[in-house]
Peer 1: 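Structure incoming, see below.
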Protein chains: 2
Amino acid sequence: MQSCRFAFAVHVMAVLASEKSDCCPSSRLAQTVNTNPVVIRRLLIELQEAGLISTFRGPQGGAVLKRKPEKVTLREIHRAVHQGNIFGTHPHQPSQECPVGKRISQVMQRIQHRANRALERELERMTLADVLRDLRKG
Amino acid sequence: MQSCRFAFAVHVMAVLASEKSDCCPSSRLAQTVNTNPVVIRRLLIELQEAGLISTFRGPQGGAVLKRKPEKVTLREIHRAVHQGNIFGTHPHQPSQECPVGKRISQVMQRIQHRANRALERELERMTLADVLRDLRKG
DNA sequence: TGATTTGTAACAGAATTGGTTACTTTTAGC
DNA sequence: GCTAAAAGTAACCAATTCTGTTACAAATCA
């Protein structure tokens, strides 16, 4: 992967967490992330679908956290903006003649699963509150 | 990420491990992986630089494992074909005016580091010999 | 009603990726 | 030495993905 969406998402969530209770419009979030408001709004939709934030239209609209920072893990943020698998799979079916080719996909799937689990386990150990603390500590 | 290079690499290493002692040309590896020999040769160069295989030119040439399968971890294979980071970073520098923007990159780097470590720790627990065993078991 | 904000579609430009062709270099065996 | 086989390598293509951008519709508050 080489997508900055997770970095953007953590950034946005951290801003929302530090600006308690007030709605924050995509324009302001875009400014601190240094990107376009539409990029932020696309991200907000995913965070919303994951149940992490709410958004409101109209004047004084914007985004707010739905949960306290201590209750939001980085795993949830990651899952909101990334789909499952870390590694890619064979783009074409391997040779079914070769004993390795015949079974490699199954085996890779197990490896994939273990790797995903390990990553998620680690991300689950960090919350948005931890991020806020680290931001303050420098 | 969405690259199949790790899957290709594990596949290739598994074939080399099962065809003990004989050189395996890129054309044969390409057949079982179902891709082009040049794609395989590019991969072989990376595996070679990582010290996992040797290659030989000329007739009867090809690739061979340099180590026994029990001594090759999936972490080594992964590192051979992937560079470090799981997540991408902010493409443009975040706003230095915003307290979050000013420090988020540092914090993200720590998160990145922990995630990388967790992944590598898990991949280190699996060897090429384990892959061979799983391939036989089905 | 008007201003503000999200939602959304469409598209552009860049980067990455796997694949392909073609050529050079090395090497084993006759 | 010649020939065939193989890796190494450069150049390019097509597809995909990603961020960024413009533009507009839909909702909502004052």
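Note: hydrogens, waters and symmetry copies are ignored here, and every other heavy atom, side chains too, is used. By convention in this document, chain letters (A, B, ...) are assigned in the order of the sequence lines, proteins followed by strands, and residues within each chain are numbered from 1.
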Peer 1: Which part of the nucleic acid, if any, lies within contact of B:C23, taking any heavy atom under 4.0 Å across all strands shown: a base, the sugar-phosphate backbone alone, or nothing?
Peer 2: nothing
Peer 1: Specify the residue among A:N34 and A:F56 whose closest nucleotide of DNA chain D lies further upstream toward the 5′ end.
Peer 2: A:N34
Peer 1: Rounded to whole Å, please give me the gap between CD in A:Q60 and C1' in C:dT6.
Peer 2: 14 Å
Peer 1: May I have the distance from A:R57 (atom CZ) to C:dA3 (atom C1'), rounded to whole angstrom?
Peer 2: 15 Å
Peer 1: With distance as the sole criterion, do the side chain of A:R42 and the base of D:dT21 form a donor-acceptor contact below 3.5 Å?
Peer 2: yes
Peer 1: Closest nucleotide of DNA chain D for A:P37 versus for B:C24: which of these residues is on the 5' side?
Peer 2: B:C24
Peer 1: Nearest to the side chain of A:V39, which nucleotide is it out of D:dA7, C:dA22, D:dG20?
Peer 2: D:dG20
Peer 1: Has B:T32 got a side-chain atom pairing as donor or acceptor with B:L29's backbone, closer than 3.5 angstrom?
Peer 2: no
Peer 1: Look only at the side chain of A:R75 and the backbone of A:L123, and say whether a donor-acceptor pair between them is shorter than 3.5 Å.
Peer 2: no
Peer 1: Distance check needed: C:dT17 P versus B:L43 CG, whole Å only.
Peer 2: 13 Å
Peer 1: Whole-Å distance between D:dC18 C1' and B:F87 CZ?
Peer 2: 17 Å
Peer 1: Return the value, rounded to whole Å, for the distance between atom NE2 of A:H92 and atom P of D:dT16.
Peer 2: 11 Å
Peer 1: In whole Å, I'd like the distance from the CD1 atom of B:I40 to the C1' atom of D:dA6.
Peer 2: 15 Å
Peer 1: Measure from CG on B:L29 to C1' on D:dA6 and round the result to the nearest Å.
Peer 2: 12 Å
Peer 1: Quick one: which of D:dA27, D:dA7, C:dT4 gets closest to the side chain of B:T55?
Peer 2: D:dA7
Peer 1: Kindly say whether A:V107 contributes a backbone atom to a donor-acceptor pair with the side chain of B:D134 at under 3.5 angstrom?
Peer 2: no
Peer 1: Identify which nucleotide among C:dG7, C:dG19, C:dT8 has an atom closest to any side-chain atom of A:Q48, counting heavy atoms from C-beta outward.
Peer 2: C:dG7
Peer 1: Can you check whether A:E19's main-chain N or O pairs, donor with acceptor, with A:D22's side chain at less than 3.5 Å?
Peer 2: no
Peer 1: By the 4.0 Å heavy-atom rule, please label A:I45 as base, sugar-phosphate, or nothing.
Peer 2: sugar-phosphate
Peer 1: Could you state the atom-to-atom distance from CG of A:N36 to C1' of C:dT8 in whole Å?
Peer 2: 13 Å
Peer 1: Give a yes/no answer on whether the side chain of A:T35 brings an N or O atom under 4.0 Å of OP1 or OP2 in D:dT19.
Peer 2: no
Peer 1: Out of D:dT19, D:dA6, C:dG18, which has the shortest distance to the side chain of B:R5?
Peer 2: C:dG18
Peer 1: Can a side chain N or O of A:S3 be found less than 4.0 Å away from OP1 or OP2 on D:dC18?
Peer 2: no
Peer 1: In this structure, which one of B:L43, B:I77, B:V10 forms a side chain to side chain contact (heavy atoms under 4.5 Å, CB included) with B:R5?
Peer 2: B:L43
Peer 1: Is there, by distance only and without an angle test, a donor paired with an acceptor across the side chain of A:R41 and the base of C:dT6 below 3.5 Å?
Peer 2: no
Peer 1: It should be established whether A:S27 places a side-chain nitrogen or oxygen under 4.0 Å from OP1 or OP2 of nucleotide C:dT5.
Peer 2: no
Peer 1: For B:E76 and B:T73, indicate whether the former's side chain and the latter's backbone hold a donor-acceptor pair under 3.5 Å.
Peer 2: yes
Peer 1: Look at all strands and tell whether A:H90 reaches a base, only sugar-phosphate, or nothing, counting heavy atoms closer than 4.0 Å.
Peer 2: nothing
Peer 1: Among C:dT6, D:dA7, D:dT21, find the nucleotide with the atom closest to the side chain of A:P25.
Peer 2: C:dT6
